[in-house]
Amino acid sequence: MKQYPRLLSKSLEPYDPVELAKETEKIVCRDDARKYTDFYATGVYGGIATGYTVGCCLRCYYCWVDPSRDFPEKFGEFYTASQTFENLKRAAYKFGVRKLRISGAEPTLGRKHLLALLNLVEKSEFGIFILETNGILFGADKTYVEELSRFTKPHIRVSLKAGTPEGFERRTGAKKESIDLPYRGIEYLKDANLSFHVAAMTDRRIMNSQERKTLFNKLSAIDVDLATNLEEERIDPYDTTLQRMKYAGVNLKWD
Ligand code: SF4
């Protein structure tokens, strides 16, 4: 990779997200340790203890994650799988919640860390572990999904960015052909019988009805039930989102 991509702008050369994942892993992963910025519980999913990971393999202009997404070398601390589990457990006890999650940037970077963490969760008193992902690494390697299928506790939320290759490149900065990866990842999750649902950024201010329809058709073609298994997302005006959109030259009207 010639230059590590930070923020999406009109001059950013489209990048390969799998290659970016590898480059980012060199920064945020060390053996079974992974960088996190924080651990605390939030009210989503009815209350959940969450670890906030550093580093992503996409550069969505509407991303709300703090600047650790763009400058992973400058933010966060390394935590082994067992330190991460202890931090999640502590946050769960402190806030009286029974679910665990890793979120933030892209939690599937650092496969060794994630699998070791899931091993600990599997043996624990906690019943549900939510894994939020853009699906890129699952689509790139079916064996990753197959390895996840030995666990009973994960529920995976795959977040789609686009229905067309052009929309994918415009919103993420990644090469347009990589749009197939998250859809393939969903197919693999289905094949492995893993618990999952799909979230899609179909905000009508950035996605027209034709592209939204294409996205629905792609999901239907892989047997995703749109009525029960799809969550549509809308962009929120977080400070980080507004800064990234300004940099990308995207202007939206806010209600
Ligand atoms: S929105 Fe998600 S996938 Fe996109 S850059 Fe942010 S963390 Fe990565």
Side-chain angles (χ1 to χ4, degrees), residues 1 4-9 12 14-25 27-29 34-38 42 44 50-76 101-110 114 130-140 144 156-163 165 167-176 178-186 196-203 205-207 215 231-248 250 252:
M1 186 159 263
Y4 188 76
R6 310 271 180 187
L7 291 158
L8 177 53
S9 70
L12 182 75
Y15 57 85
D16 174 347
V18 177
E19 202 187 331
L20 179 55
K22 286 187 188 133
E23 287 301 313
T24 306
E25 282 174 330
I27 303 168
V28 302
C29 303
R34 166 90 200 252
K35 270 185 154 189
Y36 288 83
T37 52
D38 211 347
T42 72
V44 295
T50 304
Y52 293 87
T53 57
V54 174
C56 189
C57 53
L58 293 179
R59 294 291 180 261
C60 310
Y61 63 61
Y62 54 77
C63 181
W64 58 269
V65 173
D66 62 40
S68 65
R69 186 207 74 174
D70 312 306
F71 300 93
E73 71 280 19
K74 291 190 180 166
F75 296 91
R101 167 175 78 143
I102 53 174
S103 181
E106 178 48 48
T108 62
L109 299 184
L114 178 59
I130 306 277
L131 177 63
E132 298 189 326
T133 178
N134 58 34
I136 294 288
L137 294 184
F138 289 167
Y144 198 168
I156 295 131
R157 176 185 187 265
V158 185
S159 169
L160 294 177
K161 316 300 178 190
F168 189 74
E169 187 168 300
R170 194 163 53 244
R171 284 173 215 122
T172 67
K175 287 183 179 169
K176 55 174 83 143
S178 38
I179 188 179
D180 291 337
L181 291 169
Y183 289 96
R184 202 180 303 145
I186 293 167
F196 76 94
H197 79 277
V198 177
M201 178 49 83
T202 54
D203 191 316
R205 292 168 297 176
I206 63 165
M207 184 182 286
L215 185 151
E231 166 198 346
E232 292 191 79
E233 294 184 282
R234 188 177 154 83
I235 301 174
D236 288 320
Y238 293 103
D239 286 349
T240 41
T241 304
L242 295 176
Q243 283 162 14
R244 288 184 176 119
M245 289 181 65
K246 191 173 172 195
Y247 202 81
V250 179
L252 294 188

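Predicted model only: the values in this text are computed from it and were never measured. First listed ligand is number 1; within each ligand, the first listed atom is number 1. Side chains included, hydrogens not; waters and symmetry mates left out as well; all remaining heavy atoms used.
- Residue Y61 comes nearest to A248 through the heavy atom pair CB-CB, 3.8 Å, listed as atom of the first residue, atom of the second, then distance.
- By the 4.0 Å N-to-carboxylate-O rule, R6 lies too far from E23 to be salt-bridged with it.
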**Asked** Passes side-chain contact (heavy atoms from CB on, under 4.5 Å), Y15 versus L58? Steps please.
**Response** CA-CA 9 Å; Y15 57 85; L58 293 179; 4.0 Å; yes

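- Counting only distances under 2.8 Å, and ignoring water, the protein N, O or S atoms around atom 4 (Fe) of ligand 1 are C60 SG.
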Could you tabulate the donor-acceptor pairs under 3.5 Å formed by side-chain atoms of residues 233-240, not counting sequence neighbours?
residue: E233; atom: OE2; partner: R157; partner atom: NH2; Å: 2.9
residue: R234; atom: NH2; partner: D255; partner atom: OD2; Å: 2.5
residue: T240; atom: OG1; partner: W64; partner atom: O; Å: 2.6

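- Pairing each heavy atom of I27 with each of K35, the nearest pair is O-CD, 4.2 Å.
- Taking 4.5 Å as the limit, every side-chain heavy atom of L12 sits out of range of all side-chain heavy atoms of Y247.
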